[in-house]
Undergrad: 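Dumping the structure here so I can ask a few things about it.
Quick note on labels: first sequence line is chain A, next is B, and so on, each numbered from 1.
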Amino acid sequence: MAIRVYNTLTRQKEELKSDGERIGIYVCGVTPYSETHLGHARPSVVWDVIKKYLRYRGYQTYHVQNFTDIDDKIINRSQETGIDALELAAHYAQDYLESMDALGVERADIYPKVSEHIPEIIAMIETLVERGHAYAVSGNVFYDVTSFPEYGKLSNQKLDQLQAGTRFEVDPDKKHPMDFALWKKAKPDEPAWDSPWGRGRPGWHIECSAMSNKYLGPEFEFHGGGCDLIFPHHENEIAQSEAATGRPLAKYWLHNGMLNLKHEKMSKSQGNFITVKDVAAKYPKELIRFYILSSHYRSELEYHDQKLEEVGRGWQRFNDCVNGLAKLIDEPQGEIGKLSGDEAVLLDAVRTAEAKFIEAMNDDFNTAMAIGVLFELLHQVNSYIAKGNNSLEANYVLHEAYQLFSKLAGDILGIIRPDEVQISGLTQPLMELLLELRTELRSQKQYQLADYIRDELAKLNIVIEDTPNGPRWKIRS
RNA sequence: GGCGGCAUAGCCAAGUGGUAAGGCAGAGCUCUGCAAAAGCUCCAUUCCCCAGUUCGAAUCUGGGUGCCGCCUCCA
């Protein structure tokens, strides 16, 4: 079954078709001038999952994500703080990478920076000037929006309907108020580079056209980013790239919804944001991902302080089951014949769950539904375990269930937090020894001592549970 | 003024023509030395409002209402 994605450009779901074996992905990154906040985490986590899912489905991916390290905001901040603009940008770019690491987001294949691609940018502007899509006026170069008849096709805007200049002054050198800068003439004390039009720096938008072209070619599959970038940023990218190359830029434009704080968009300039590092210091990264992925990527998502606590209870139950499975099962061995009864039913449930997971993800990466599917399997696994089977066949099907959870919830969604202490080879046998001792004490009704063991372990964040199938332990996360 | 999106139980959240997934919270029960976990059962005749299309609509159309985003930097 094919993957279908909602394409902002056509405003409908389309089947994913790829000419090559590699899927090119360009996701608009950040302008690094202050701390990375939770709003930035959303596209990052979403694209992390999309990439991992695509690979699971047999595609190869190549992911490019830019840092716009030359920009008005950075320059302003630099002048306020006295820190060199590029140094400041490098610092916050590093903050971004560290924040994404803290969320378990796999790195992009490359993170190109504007400051390292000035020649490519100048070359593209020259092409646009040559082709009559741009004009230079006293050190500035503007894009001529009237030269591109399709201008507005992504955001569904008509040039004469846009309200240019209502909240900022239109440069009198512009031929049309919606024309935008490709190259900005340098003001004193600003980072600047030599160009055919004099010293200056790139305008916003052109860097993405130049860098996507360099690393992914004129046409590629996915272009992503927040829905707040549709206009003007992505609209202008299309105008630039397509006018320069004569070819359609990206096949599929995917835009994620905003993450809100107190019903308003989390944003740096508004000051209403919460940093990724603050949240990651308080909550497991797998839980933060679970929260982000529990709604569809195009929906708005509300954040408040209680949110992760609420969501965390379901997440904990999910993790308990998967980590419990890890301790319960052994490597399957011996011949497993045709299964029957409960084992056959559970194995069928495992297979069905994988098919339904794929169906959900194929439908515009519906992670919310995919998680629902996993919870249904969780329920069936827990029911089965509650019956207390421990045959060779039972071990086999539970192992299959565990493998599936590891692959889908662990590898792809990244919402499983493994009990790390287990990694130590000594821990498991020691815990078993301790639990055996405690079981013996309980059978002799020495409850005080048995409870002492449980209480003391609790202080070490190790939880003991006496189930009908015997005692069980886990790490409290 | 223009463009786009959203409105589903106490809360979160799927569901684009066939009769409401899943999670949290809540109630009862089972298991149990206690605790915890888990299991079982229950929990929206109904999807913001009104009108229409249809044998049939949460899903399509028209009109309201409310909220959010974009048209300025923004993931």
Undergrad: OP1 or OP2 of B:A36 sitting under 4.0 Å from any side-chain N/O of A:Lys474?
TA: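 So the side chain of A:Lys474 is outside the cut-off, no N or O lying under 4.0 Å from OP1 or OP2 of B:A36.
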
Undergrad: In whole angstrom, give me the gap between the P atoms of B:U54 and B:G5.
TA: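 Nearest-Å result for B:U54 against B:G5 at atom P: 27 Å.
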
Undergrad: Categorize A:Lys307 for me: base, sugar-phosphate, or nothing, with a 4.0 angstrom heavy-atom threshold over every strand shown.
TA: sugar-phosphate

Undergrad: Under a 4.0 Å threshold between the charged nitrogen and the carboxylate oxygen, would A:Lys277 count as salt-bridged to A:Glu35?
TA: no

Undergrad: Rounded to the Å, how far apart are A:Met258 CE and B:C73 P?
TA: 15 Å

Undergrad: Students often get this wrong, so: under 4.0 angstrom with heavy atoms, is A:Glu376 touching a base, only sugar-phosphate, or nothing?
TA: sugar-phosphate

Undergrad: With a non-hydrogen cut-off below 4.0 angstrom, is A:Arg438 in contact with a base, only sugar-phosphate, or nothing?
TA: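 The residue A:Arg438 makes base contact.
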
Undergrad: For the P atoms, the ones on B:G2 and on B:G52, what distance do you get once it is rounded to whole angstrom?
TA: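 Those two atoms are separated by 28 Å.
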
Undergrad: Hey, is A:Lys251 close enough to A:Glu14 for a salt bridge, meaning N to O under 4.0 Å?
TA: no

Undergrad: Under 4.0 Å from OP1 or OP2 of B:C40: is there any side-chain N or O of A:His379 that close?
TA: yes

Undergrad: Under the salt bridge (charged side-chain N to carboxylate O under 4.0 Å, His left out) test, which residues partner A:Asp69, sequence neighbours left out?
TA: none

Undergrad: Applying a 4.0 Å non-hydrogen cut-off, can you work out what A:Leu374 is touching in the nucleic acid: base, sugar-phosphate, or nothing?
TA: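 It contacts nothing in the nucleic acid.
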
Undergrad: Under 3.5 Å between N/O atoms: give me all the protein pairs with nucleotides 24-28 of chain B, atom names plus distance.
TA:
residue, atom, partner, partner atom, Å
B:C24, OP1, A:Arg317, NH1, 3.1
B:C24, O3', A:Arg313, NE, 3.3
B:A25, OP1, A:Arg313, NE, 3.4

Undergrad: Roughly how many Å is it from CD in A:Glu465 to C1' in B:A37, rounded to a whole number?
TA: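 So the two atoms are 4 Å apart, to the nearest Å.
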
Undergrad: Between B:A57 and B:G39, how far apart are the P atoms? Round to whole Å, please.
TA: 37 Å

Undergrad: Can you give me the dot-bracket string for RNA chain B, 5' to 3', counting Watson-Crick and G-U wobble pairs with both distances under 3.5 Å, using [ ] for crossing pairs and | for partners on another strand?
TA: ((((((((.[[[..)..(...]]].(((((.......))))).....[[[[[..)....]]]]])))))))....

Undergrad: Out of B:A75, B:G39, B:C71, which has the shortest distance to the side chain of A:Pro232?
TA: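 That would be B:C71.
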
Undergrad: B:G2 base to A:Asp160 side chain: any donor-acceptor pair below 3.5 Å?
TA: no

Undergrad: Quickly work out the A:Met266 CE to B:A75 C1' distance and round it to whole Å.
TA: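 Whole-Å distance recorded here is 11 Å.
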
Undergrad: Counting any heavy atom closer than 4.0 Å, what does A:His255 reach on the DNA or RNA strands: base, sugar-phosphate only, or nothing?
TA: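 Touches nothing.
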
Undergrad: Quick one: A:Leu378 CG to B:G23 C1', roughly how many Å, whole number?
TA: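 That distance rounds to 11 Å.
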
Undergrad: For A:Gly29, report the nucleic acid contact type (base, sugar-phosphate, nothing); a contact means any heavy atom under 4.0 Å.
TA: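 Sugar-phosphate, no base atom in range.
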
Undergrad: Counting side-chain heavy atoms from C-beta on, which of B:G33, B:C31, B:C71 comes nearest to A:Phe231?
TA: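 So the nucleotide nearest the side chain must be B:C71.
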
Undergrad: Who pairs with A:Asn469 by side-chain hydrogen bond (donor to acceptor under 3.5 Å, both in side chains), at least two apart in sequence or on another chain?
TA: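 A:Asn469 satisfies side-chain hydrogen bond (donor to acceptor under 3.5 Å, both in side chains) with no other residue.
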
Undergrad: Flag the pair A:Lys265 and A:Glu300 as a salt bridge only when some basic side-chain nitrogen lies within less than 4.0 angstrom of an acidic carboxylate oxygen.
TA: no

Undergrad: What is the ring orientation for A:Tyr143 with A:Phe180, classed by angle as parallel under 30°, tilted 30 to 60°, or perpendicular over 60°?
TA: parallel

Undergrad: Give a yes/no on whether any side-chain N or O of A:Ser44 is located under 4.0 angstrom from OP1 or OP2 of B:A75.
TA: no

Undergrad: Just to be sure I understand the rule, does A:Gly39 reach a base, reach only the sugar-phosphate, or reach nothing, if contact means heavy atoms closer than 4.0 Å?
TA: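 Answer is base: heavy atoms of A:Gly39 come under 4.0 Å of a base.
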
Undergrad: Need one value for A:His263: base, sugar-phosphate or nothing, where a base atom within 4.0 Å counts as base even if backbone is also close, heavy atoms only.
TA: sugar-phosphate

Undergrad: Whole-Å distance between B:A37 C1' and A:Phe318 CZ?
TA: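 After rounding, the reported distance stands at 17 Å.
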
Undergrad: Taking only side-chain N and O atoms of A:Asn382, does any of them lie within less than 4.0 angstrom of OP1 or OP2 on B:G39?
TA: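 For B:G39, OP1/OP2 do have a side-chain N/O of A:Asn382 under 4.0 Å.
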
Undergrad: Look at the side chain of A:Met178 and decide which nucleotide, out of B:U72, B:U16, B:G33, has an atom nearest to it.
TA: B:U72

Undergrad: Is any N or O donor-acceptor pair between the side chain of A:Arg454 and the base of B:C34 shorter than 3.5 Å?
TA: yes

Undergrad: Report yes or no: do A:Tyr215 and A:His117 form a side-chain donor-acceptor pair below 3.5 Å?
TA: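 Present: a donor and an acceptor within the cut-off.
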
Undergrad: Taking only N and O in the side chain of A:Asn156, is any of them less than 4.0 Å away from OP1 or OP2 of B:G4?
TA: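 For B:G4, OP1/OP2 do have a side-chain N/O of A:Asn156 under 4.0 Å.
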
Undergrad: When you measure from the side chain of A:Arg442, which nucleotide among B:G33, B:G39, B:A75 comes out closest?
TA: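 Side chain of A:Arg442 sits closest to B:G33.
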
Undergrad: Base, sugar-phosphate or nothing for A:Ile371? Non-hydrogen atoms, less than 4.0 Å.
TA: nothing

Undergrad: Is any side-chain nitrogen or oxygen of A:Asn366 closer than 4.0 Å to OP1 or OP2 of B:G15?
TA: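 The answer is yes; a side-chain N or O of A:Asn366 sits under 4.0 Å from OP1 or OP2.
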
Undergrad: For residues 368-380 of chain A, tabulate all N or O donor-acceptor pairs below 3.5 Å that involve a side-chain atom, not counting sequence neighbours.
TA:
residue, atom, partner, partner atom, Å
A:Glu376, OE1, A:Lys356, NZ, 3.2

Undergrad: A:Asp144: which residues meet the salt bridge (charged side-chain N to carboxylate O under 4.0 Å, His left out) condition with it, sequence neighbours left out?
TA: none

Undergrad: Mapping A:Glu300 and A:Gln157 onto RNA chain B by nearest heavy atom, which one lands closer to the 5' end?
TA: A:Gln157

Undergrad: Expressed in whole Å, how much space separates the P atoms belonging to B:C34 and B:C29?
TA: 15 Å

Undergrad: Looking at the side chain of A:His296, which of B:A37, B:A14, B:C40 is the nearest nucleotide?
TA: B:A14

Undergrad: Regarding A:Asn236 and A:Gln240, do their side chains bring together a donor and an acceptor under 3.5 Å, going by distance alone?
TA: no

Undergrad: Send over the distance from A:Met369 CE to B:A20 C1', rounded to a whole Å.
TA: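 Taking atom C1' of B:A20 as the reference, CE of A:Met369 is at 12 Å.
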
Undergrad: Is A:Thr367 near enough to B:A13 that one of its side-chain N or O atoms lies under 4.0 angstrom from OP1 or OP2?
TA: no

Undergrad: Check the distance between B:U59's P and A:Gln12's CD and give it to me in whole angstrom.
TA: 21 Å

Undergrad: Using the P atoms only, state how far B:U19 lies from B:A37, rounded to an integer number of Å.
TA: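 Rounded to whole Å, the distance is 36 Å.
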
Undergrad: Do A:Asp71 and B:C73 have a side chain to base donor-acceptor pair shorter than 3.5 Å?
TA: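 Answer is no: no donor-acceptor pair is held.
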
Undergrad: Could you measure between the two P atoms, the one in B:A25 and the one in B:G63, and give it in whole Å?
TA: 43 Å

Undergrad: Give a yes or no on whether the ring-centroid distance for A:Phe67 and A:Tyr96 is below 6.0 angstrom.
TA: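 Ring centres of A:Tyr96 and A:Phe67 closer than 6.0 Å.
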
Undergrad: Could you work out which one of B:C68, B:A21, B:A75 sits closest to the side chain of A:Thr31?
TA: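 Nearest nucleotide to the side chain: B:A75.
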
Undergrad: Both A:Asp228 and A:Ser155 contact RNA chain B. Which one's nearest nucleotide lies toward the 5' end?
TA: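 In this pair, the answer is A:Ser155.
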
Undergrad: For A:His255 and A:Thr8, which I'm curious about, is there any donor-acceptor pair between the side chains at under 3.5 Å?
TA: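 Yes, A:Thr8 and A:His255 have a side-chain donor paired with an acceptor closer than 3.5 Å.
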
Undergrad: Find the distance A:Leu229:CG to B:C70:C1' and express it as a whole number of Å.
TA: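 Taking CG of A:Leu229 and C1' of B:C70, I get 10 Å after rounding.
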
Undergrad: Any salt bridge between A:Asp455 and A:Lys459, counting N to O under 4.0 Å?
TA: no

